[in-house]
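Every chain is numbered from 1, with letters handed out A, B, ... down the list of sequences. The shown structure was predicted, so the numbers you read here are calculated from the model rather than taken from an experiment.
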Amino acid sequence: MPELPEVETVVRTLGPLVIGRVLGRAEVLCPKILRQTPAAGLAELAGRRVRSVRRRGKMILIDCGDLGLVFHLKMTGQILVVPAEAPRDKHTHLVIGLHDGVPRRRVAGADAAAADELRFHDVRKFGFCRICPSGELASAPEIAALGPEPLEIGLEEFRARLSRRRGRIKSLLLDQAVIAGIGNIYTDEILFGAGIHPLTPVERIRRPRIEALFMEMRAVLERAIDAKGTSISDYVDAQGSPGGFQNLLRVYGREGEPCIRCGTAIRRIVIGGRSSSFCPKCQRQR
DNA sequence: AGTTCCCTGAGG
DNA sequence: CCTCAGGGAACT
């Protein structure tokens with residue numbers, strides 16, 4: 001599932017494939033995935049040059065001058081850059097032409113440069129794309145509501161944000177308004193590393209352990225980015241390559257297997273409808 | 001704070 | 001056939 005490290009990897013692989021290139025015609029094969037995007041907005045994309053590709057939380061922001069594209073991959077979304085002639089499948093929902101700069105005058109009879117396509121692909125159709133004026137990007141509801149970036153926030157701000165809230169630590173780390181970009185896999189990995197039971201009320205976690213949590217959050221996310229994300233079901237980067245962090249997971253998806261630290265069987269519980277794996281010995285409920 | 005829903009493919 | 005996976009919005 002694309003979380004911060006996967007989205008970061010998509011952004012890093014997508015950027016070089018699209019920045020400086022010009023968008024062509026957009027084709028919507030599944031209108032459901034367009035959020036608050038009038039057909040006119042789509043038509044206006046054609047001819048615009050891609051300026052930048054950035055990430056905010058789990059959102060992908062593509063700046064095309066005065067128009068911006070926002071993608072959220074949710075669980076099974078993919079953004080791919082492929083040759084225009086590559087076959088599509090039934091889960092390809094949005095296609096935007098992509099070509100190199102448009103010369104002022106085309107040489108008669110010259111072949112058009114081989115064109116690529118930027119494609120949004122999503123088996124479950126939970127993901128979406130929004131097109132809006134660049135000036136409205138920051139105020140788009142999905143972005144305005146996000147908490148700070150976990151790799152940019154400092155320890156004191158992290159601690160302050162958590163201390164303002166009540167509730168289970170797992171639910172808070174998953175809450176995008178508290179901190180942006182962490183999902184189910186990395187929450188479990190971070191809590192394991194910090195030795196905190198996922199159901200622990202945040203107000204019961206003492207300062208030294210909050211510090212351990214902060215360090216672990218940074219370490220896990222950075223390691224996962226280094227490994228180019230976790231590919232369990234559908235995740236691939238903009239070139240279609242899988243990540244490698246699934247081989248480095250310490251607790252997620254390891255229910256019943258021995259804890260890598262103490263050998264105790266990893267247990268799984270459901271919190272807020274999400275499965276949570278943890279070691280009952282290394283992550284004692286305090 | 002917990003439940004339901006969206007959606008589809010995989011696995012039982 | 002049934003159940004499960006899951007981000008996040010909407011609802012209870």
Side-chain angles (χ1 to χ4, degrees), chain A residues 1-11 28-37 55-61 70-79 88-94 119-130 139-147 149-150 162 164-191 197-204 221 224 229-236 242-243 245-246 249 251-256 266-278 285:
Chain A
M1 332 302 138
E3 303 179 28
L4 187 153
E6 291 75 35
V7 178
E8 180 64 28
T9 305
V10 170
V11 163
V28 182
L29 305 157
C30 174
K32 176 191 186 295
I33 60 99
L34 286 181
R35 183 178 289 193
Q36 291 173 22
T37 298
R55 178 188 62 76
R56 178 73 176 92
K58 301 176 194 173
M59 321 275 311
I60 295 167
L61 314 176
V70 181
F71 285 94
H72 195 308
L73 305 177
K74 289 291 181 87
M75 276 114 56
T76 55
Q78 302 173 337
I79 292 181
R88 298 174 186 176
D89 70 28
K90 61 177 172 175
H91 304 302
T92 301
H93 305 314
L94 172 67
R119 296 183 186 172
F120 178 68
H121 181 279
D122 190 352
V123 169
R124 294 187 196 163
K125 299 181 184 172
F126 285 8
F128 64 84
C129 172
R130 171 207 291 280
S139 58
E142 307 92 341
I143 296 165
L146 294 177
E149 288 291 323
L162 287 183
R164 253 179 260 136
R165 306 289 295 254
R166 299 181 63 83
R168 295 165 170 168
I169 187 60
K170 165 129 183 179
S171 307
L172 289 183
L173 291 177
L174 284 175
D175 186 339
Q176 303 299 296
V178 172
I179 195 143
I182 300 175
N184 204 39
I185 295 175
Y186 295 108
T187 309
D188 282 3
E189 293 298 309
I190 291 165
L191 290 174
H197 190 289
L199 290 176
T200 309
V202 69
E203 60 271 23
R204 296 236 314 263
L221 295 176
T230 301
S231 292
I232 291 178
S233 58
D234 299 73
Y235 168 71
V236 291
F245 201 70
Q246 62 280 6
L249 294 173
V251 274
Y252 180 85
R254 298 193 60 241
E255 181 187 13
I266 297 298
R267 204 170 286 165
R268 191 180 75 95
I269 57 176
V270 174
I271 304 174
R274 298 294 171 258
S275 79
S276 302
S277 301
F278 65 101
Q285 204 158 7

Peer 1: Please work out if A/Arg268 contacts a base, only the sugar-phosphate, or nothing of the nucleic acid, heavy-atom cut-off 4.0 Å.
Peer 2: sugar-phosphate
Peer 1: If only side-chain N and O atoms of A/Lys74 are considered, is one of them under 4.0 Å from the OP1 or OP2 phosphate oxygen of C/dA9?
Peer 2: no
Peer 1: To the nearest angstrom, how far is A/Leu174 atom CG from C/dA5 atom P?
Peer 2: 15 Å
Peer 1: Give me, pair by pair, the N or O atoms of the protein and of nucleotides 3-7 of chain B that are less than 3.5 Å apart, along with how far apart they are.
Peer 2:
unit_1, atom_1, unit_2, atom_2, d
B/dC7, O4', A/Arg124, O, 3.3

Peer 1: Answer with base, sugar-phosphate or nothing: what part of the nucleic acid does A/Ser233 contact at a heavy-atom distance below 4.0 Å?
Peer 2: nothing
Peer 1: Can you measure A/Leu73 atom CG to C/dG7 atom C1' for me and round it to whole angstrom units?
Peer 2: 11 Å
Peer 1: Under 4.0 Å from OP1 or OP2 of C/dG6: is there any side-chain N or O of A/Tyr235 that close?
Peer 2: no
Peer 1: Between A/Val251, A/Ile190, A/Thr230, which is the residue that forms a side-chain contact (heavy atoms from CB on, under 4.5 Å) with A/Ile185?
Peer 2: A/Thr230
Peer 1: What is the distance, rounded to the nearest whole Å, between atom CG of A/Asp175 and atom P of C/dA10?
Peer 2: 15 Å
Peer 1: For A/Gln176, enumerate each residue passing the side chain to side chain donor-acceptor pair (under 3.5 Å) test, keeping only those at least two apart in sequence or located in another chain.
Peer 2: none
Peer 1: Write down the distance between CG (A/Asp122) and P (C/dG6), rounded to a whole number of angstrom.
Peer 2: 16 Å
Peer 1: Pick base, sugar-phosphate or nothing for A/Tyr252, based on heavy-atom distances below 4.0 Å to the nucleic acid.
Peer 2: sugar-phosphate
Peer 1: Keeping to residues at least two apart or across chains, list the salt bridge (charged side-chain N to carboxylate O under 4.0 Å, His left out) pairs with something in residues 175-186 of chain A.
Peer 2: A/Arg165-A/Asp175
Peer 1: Check whether A/Gln78 reaches the backbone of A/Asp234 with its side chain - one donor and one acceptor, N or O, closer than 3.5 Å.
Peer 2: yes
Peer 1: Rounding to an integer number of Å, can you tell me how far A/Ile33 CD1 sits from B/dT8 C1'?
Peer 2: 16 Å
Peer 1: Round to a whole Å and report the spacing from NZ of A/Lys170 to C1' of C/dG6.
Peer 2: 11 Å
Peer 1: Ignoring hydrogens and angles, tell me if any N or O in the side chain of A/Tyr186 forms a donor-acceptor pair with the backbone of A/Leu4 under 3.5 Å.
Peer 2: no
Peer 1: Distance check needed: B/dA10 P versus A/Ile232 CD1, whole Å only.
Peer 2: 16 Å
Peer 1: Under 4.0 Å between a side-chain N or O of A/Gln176 and OP1 or OP2 of C/dG7?
Peer 2: no
Peer 1: At less than 4.0 Å, is any side-chain N or O atom of A/His91 found next to OP1 or OP2 of B/dT8? Yes or no.
Peer 2: no
Peer 1: Less than 4.0 angstrom between a side-chain N/O of A/Arg168 and OP1 or OP2 of B/dG2, yes or no?
Peer 2: yes
Peer 1: Have a look at A/Gly127 and say if it touches a base, only the backbone sugar-phosphate, or nothing, with a 4.0 Å heavy-atom cut-off.
Peer 2: nothing
Peer 1: Without decimals, in angstroms, what is the distance between A/Ile60 CD1 and C/dG7 P?
Peer 2: 15 Å
Peer 1: Taking all non-hydrogen atoms of both residues, which atom of A/Leu94 and which atom of A/Cys129 are closest, and how far apart?
Peer 2: CD2-SG, 3.9 Å
Peer 1: Got a donor-acceptor contact below 3.5 angstrom from the A/Thr187 side chain to the A/Leu174 backbone?
Peer 2: no
